[in-house]
Structure formats: C-alpha cells, structure tokens
Amino acid sequence: MIGAVKTTLKKGDSVTITGFGTFAVNKRKARTGRNPRTGTAIKIKASKVPKFRPGKGLKDALNGVK
C-alpha cells in the first residue's frame, strides 16, 4: 500500500482513503535561508513535499465522536 501511495504521489496525483484522509504533493519555491551555525545566507532549492489532510472519520475517532 505504501508503495502505491509513493508511486501515485510521484506522478503528482493525490490519494484519498475514505474515512482516513488524503495524501497530496505540495510544491515549495526556491528560497534563501540562513546557516544557523555561521549566519551566512544559503540557497534552498525548490522541492516537492508530501502533505496529509486527515479525514472526518479519523478526526472523529481521535476526539471520541461516534
């Protein structure tokens, strides 16, 4: 199952598991950051990051709602 989610996210699609949540891909733009040790500016490349949005069923289960 994890392999199928990875493959689908690599294609740029999202995966919805009813009652659990949705996995999607977010794009981050390139930006300038700081090296915490030296304080010098560094370039951070653009990247894709996974995002998870919990579904109603999961939220209700965690909050004790039946």
Side-chain angles (χ1 to χ4, degrees):
M1 182 174 141
I2 294 171
V5 171
K6 283 183 190 178
T7 302
T8 303
L9 291 177
K10 279 185 180 181
K11 291 180 186 176
D13 296 333
S14 62
V15 177
T16 301
I17 301 171
T18 306
F20 185 68
T22 301
F23 295 91
V25 177
N26 240 7
K27 294 180 183 176
R28 286 191 183 162
K29 295 180 181 180
R31 61 195 189 278
T32 303
R34 294 238 169 246
N35 180 333
R37 206 176 273 181
T38 63
T40 58
I42 58 173
K43 293 180 182 177
I44 302 171
K45 295 180 183 180
S47 64
K48 295 178 187 175
V49 293
K51 178 178 140 183
F52 176 72
R53 192 172 53 220
K56 185 177 183 320
L58 180 58
K59 288 180 191 177
D60 289 347
L62 292 174
N63 291 309
V65 178
K66 291 183 180 182

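The structure presented is a predicted model; accordingly, all values stated were derived computationally and were not measured.
K51 NZ to L9 CG: the interatomic distance, rounded to the nearest 0.5 Å, is 12.0 Å. Taking NZ from K48 and CG from N26, the interatomic distance works out to 12.0 Å, rounded to the nearest 0.5 Å. Residue I2 holds its CD1 atom at 9.0 Å from CZ of F23, rounded to the nearest 0.5 Å. Rounding to the nearest 0.5 angstrom, the gap separating the CD1 atom in I44 from the CZ atom in R34 is 11.0 Å. Atom OG1 of T40 is separated from atom CG of N35 by 4.5 Å, given to the nearest 0.5 angstrom. Atom CD1 of I42 and atom OG1 of T32 lie 9.0 Å apart (nearest 0.5 Å).
In terms of the side-chain hydrogen bond (donor to acceptor under 3.5 Å, both in side chains) criterion, S47 has no residue partners (sequence neighbours excluded).
Hydrophobic clustering places M1 together with F20 (ILVMFWY residues linked when any side-chain heavy atoms are closer than 4.5 Å, directly or through intermediates).
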